[in-house]
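Comments concern the structure below.
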Protein chains: 2
Amino acid sequence: MTAVPAPLAVSIGDPAGIGPEVIAAAWERRVEAGLPPFLAIGDARSIRAVWNGPTAVLSDPASAATVFNEALPLIQVDDPGEIVPGEPNLAGARCALDSLELAAGLTRQGMASALVTGPVSKAQLFAIGFTYPGQTEFVAERCGIAPANAVMMLAGPSLRTIPLTVHVPLADVPRLLTTELIVNRARIAARALTRDFGIEQPRLAIAGLNPHAGEQGTLGREEVEIIRPAIEALRAEGLDVIGPLPADTMFHPPARARYDVALCMYHDQALIPLKALHFDDGVNVTLGLPIVRTSPDHGTAFDIAGKGVAAASAMIAAIRMAGECAARRAAS
Amino acid sequence: MTAVPAPLAVSIGDPAGIGPEVIAAAWERRVEAGLPPFLAIGDARSIRAVWNGPTAVLSDPASAATVFNEALPLIQVDDPGEIVPGEPNLAGARCALDSLELAAGLTRQGMASALVTGPVSKAQLFAIGFTYPGQTEFVAERCGIAPANAVMMLAGPSLRTIPLTVHVPLADVPRLLTTELIVNRARIAARALTRDFGIEQPRLAIAGLNPHAGEQGTLGREEVEIIRPAIEALRAEGLDVIGPLPADTMFHPPARARYDVALCMYHDQALIPLKALHFDDGVNVTLGLPIVRTSPDHGTAFDIAGKGVAAASAMIAAIRMAGECAARRAAS
């Protein structure tokens, strides 16, 4: 007899955002999308406010798999009171944080097999005293991992990218890049692609920082002084690495076929191609954690919340990917 | 009786590169691609070395249109001697420069209706004393236009982008951006989109420099201090401008539908999305010149020259676009 795998835990994010409706829509499309059993962690009333389908409020995750075919399983956190879609408030922010914390905790304890986080409003979280730059850092800390070792990867059907620097002014990027940073993140990425994505020998492409990857140092020295030494160090460890590649000629189909993940030097270098190609189904995956964690690559979209127009494709992709990664870990 | 429009002049670029073969391939596909009459400016032997089709060596462009259906018309520049595909030499570089100069001159004199430039090797041109950063600056100067007022636009079937800074280290970009630069280039772009592309009220999108366009100044100040004032100045002139837009959410299809051209702050911000989407048929157009000038958005590709594998789609697109722009100018 095979043990029933634990369900995935999906935190609803800000209850006034599109989290509740895209989770409900993902449940509705669970069969056609081939989704594994999951349960929502959050607020039942916020889901019912935007969705007429069946919910099953549970007291613990173990029964989620048995009810999953009939209703969207949910564990209720502290009641935030009535939440109006599109009108975030502090009670909703507390609900988002409670949901995240419980979902992360259940996953860490093995009562959920993976964590999928719904979109939160950082401004709202900061207003209730949240001190982390984002959900990723919060989850990493709860897992005992330094935020610097939790690596954000954006994954779409035909492209995976990792921004090595993220929410910093572009002018600060050159001085934030170090050989150590690149080597460290590349190692974490390579390990995770093997463990969670089943790629035995991951092929890493590392972008240059400057136009044409610096043209041998004539258009910038970072490739010569920082990036190339990192590539050499990684190759010396046996990793399959190409680069530094000119960033403008690494994202068309034949170029993408040459690697499994592109390590990019700054936010938009990674996000421009990912969103140009996979705007509606990009998944944010956190690599390097003891748990599997994914997230749809979109925000709370307060402006369209509750209107029935939010696309659930990214949430579906995030749940599917989390399930696949969790299954690989369970099988290994 | 309608005057026969002058043919387009296509300089062959470096004769050891893929220029000769893609021009010949464009001629072969002239009917299916709907290309207007054009003539090659360069070296007949270099074309015959890679192509078995008919060439007609002319002494002046006027007869090009009449022979165009039967043969690829060509005006010979000084004979560079035998050129081996894939093996650039100084004689070939001189031939490339002679071709460029003659093609530009014929176009300026109205003997050709537009200039299409084949790919050159900058390293080879520098070796024979060429002192311009590239062909664009050379052509601009011959036209009496300051290089700063010759604006490079990359155009594919579903996206046009303009990099406001180009071949400079990324670290230098923030200090090179000025409100005046943005305003000046945007004005030139708007005028050219009307005159050459027939867009009566062009819609300009201006990208931010920093992640999320700086998030109200918290992730960088350039949007607040440099870009936003430029947008206000342009709007005050009656131009249709949106921005500063977060660069990562402006290149998927619904976002692209909102503008006719995206003005980008640096090389890769403009080139990553353009090449990710239109690697094989991107056209480089120089806006703001008294003549129409286009170029395929690829290099000499010495590594594949003469092997019959080079894609002619970008050259075909460049010739077609030049013909369309020239026809609009002639009709206006």
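Letters A, B, ... mirror the listed sequences (proteins, then strands); counts begin at 1.
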Exercise for the section: Using non-hydrogen atoms and a 4.5 Å limit, figure out which bit of B:Gln269 sits close to chain A: side chain, backbone, both or neither. Expected result: both

Fill in the blank from the handout: So, the part of B:Pro174 with a heavy atom under 4.5 Å from chain A: the answer is side chain

Problem - Test side chain to side chain contact (heavy atoms under 4.5 Å, CB included) applied to B:Arg293 and B:Val116, B:Leu287, B:Thr136, the passing residue - result: B:Thr136

Fill in the blank from the handout: side chain to side chain contact (heavy atoms under 4.5 Å, CB included) test vs B:Met265 passes for just one of B:Thr165, B:Ile226, B:Leu176, B:Ile182, namely B:Ile182

Problem - Aromatic ring proximity, centroids under 6.0 angstrom, B:His212 and A:His267 - result: yes

Practice task
Assert yes or no for the condition that the ring centre distance of A:Phe130 to A:Phe138 is strictly below 6.0 Å.
Solution key: yes

Handout entry: Backbone N/O of A:Ala33 and side chain of A:Arg320: donor-acceptor pair under 3.5 Å
Key = yes

Completion exercise
Ranking B:Val166, B:Leu277, B:Thr249 by heavy-atom pairs under 4.5 Å to chain A gives rank one to B:Thr249

Fill in the blank from the handout: In terms of heavy-atom pairs under 4.5 Å with chain A, the winner among B:Pro246, B:Pro254, B:Gly214, B:Pro211 is B:Pro211

Exercise for the section: Considering only heavy atoms and a distance below 4.5 Å, find which of A:Gly220, A:Ala247, A:Pro253, A:Ala255 pairs most often with chain B. Expected result: A:Ala247

Handout entry: Contact leader toward chain B among A:Leu271, A:Asn210, A:Leu219, A:Leu209, where contacts are heavy-atom pairs under 4.5 Å
Key = A:Leu219

